[in-house]
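Input: a single structure, listed below in structure tokens.
The figures here come from the full heavy-atom set of this structure, side chains too, leaving out hydrogens, waters and symmetry mates.
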Amino acid sequence: MCTIILSYDQNNALARRKLAALLDTGLFVKKDVTEQPLTAEEQSAHRREVEAFLFTSKRNMADIIARNV
């Protein structure tokens, strides 16, 4: 199970209708993420994803930075 966080203008009727349509498909469920802290496993997975992202980002930018220094 993956989690998607959406930001939208709650005063926008079209955004509310589209969100309702997504939830009505049954493919997505609304989850209150503020009440549930991350489990140790989720925290560990998140930490690994962040570290992998930073490693890849640094590796991809190294040539660009080297050319401009």
Side-chain angles (χ1 to χ4, degrees):
M1 175 79 63
C2 294
T3 301
I4 299 172
I5 299 173
L6 297 174
S7 297
Y8 65 97
D9 180 3
Q10 64 185 1
N11 296 321
N12 185 324
L14 179 60
R16 287 194 319 266
R17 283 195 306 269
K18 294 292 184 180
L19 181 57
L22 275 175
L23 293 172
D24 287 343
T25 64
L27 297 172
F28 302 94
V29 293
K30 189 173 181 181
K31 177 173 136 179
D32 187 8
V33 294
T34 58
E35 292 181 10
Q36 301 172 354
L38 293 177
T39 64
E41 181 180 314
E42 290 172 331
Q43 288 175 346
S44 176
H46 177 69
R47 191 175 313 110
R48 285 191 308 270
E49 287 180 24
V50 169
E51 289 172 0
F53 170 79
L54 290 174
F55 174 79
T56 304
S57 177
K58 289 175 185 177
R59 189 182 65 201
N60 291 340
M61 289 297 296
D63 291 335
I64 295 169
I65 292 171
R67 278 184 258 155
N68 296 312
V69 173

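- In this structure, A21 has no side-chain contact (heavy atoms from CB on, under 4.5 Å) partners at least two apart in sequence or on a different chain.
- Scanning for side chain to side chain donor-acceptor pair (under 3.5 Å) contacts around R47 gives an empty result, with sequence neighbours left out.
- Between the CG atom of N11 and the CZ atom of R16 there is a distance of 7.0 Å, given to the nearest 0.5 Å.
- For the pair L19/L6, a side-chain contact is recorded, criterion being any heavy-atom separation below 4.5 Å from C-beta on.
- Residues that satisfy the side-chain contact (heavy atoms from CB on, under 4.5 Å) test with D24, not counting sequence neighbours, are absent from this structure.
- With rounding to the nearest 0.5 Å, the separation of NZ in K18 from OH in Y8 is 15.0 Å.
- Sorted by first then second residue, the side chain to side chain donor-acceptor pair (under 3.5 Å) pairs that include residues 51-69, not counting sequence neighbours, number zero.
- Looking at residues two or more places apart in sequence or on another chain, you find a side-chain contact (heavy atoms from CB on, under 4.5 Å) between L27 and T25.
- Contacts of T39 classified as side-chain contact (heavy atoms from CB on, under 4.5 Å), with partners at least two apart in sequence or in another chain: E41, E42.
- Cluster partners of L54 are V50, F53, counting Ile, Leu, Val, Met, Phe, Trp and Tyr whose side-chain heavy atoms approach within less than 4.5 Å, directly or via other members.
- For the atom pair OG1 (T3) and CZ (F28), the distance works out to 12.0 Å, reported to the nearest 0.5 Å.
- Applying the under-4.5 Å side-chain rule to Ile, Leu, Val, Met, Phe, Trp and Tyr, the cluster around L14 consists of that residue alone.
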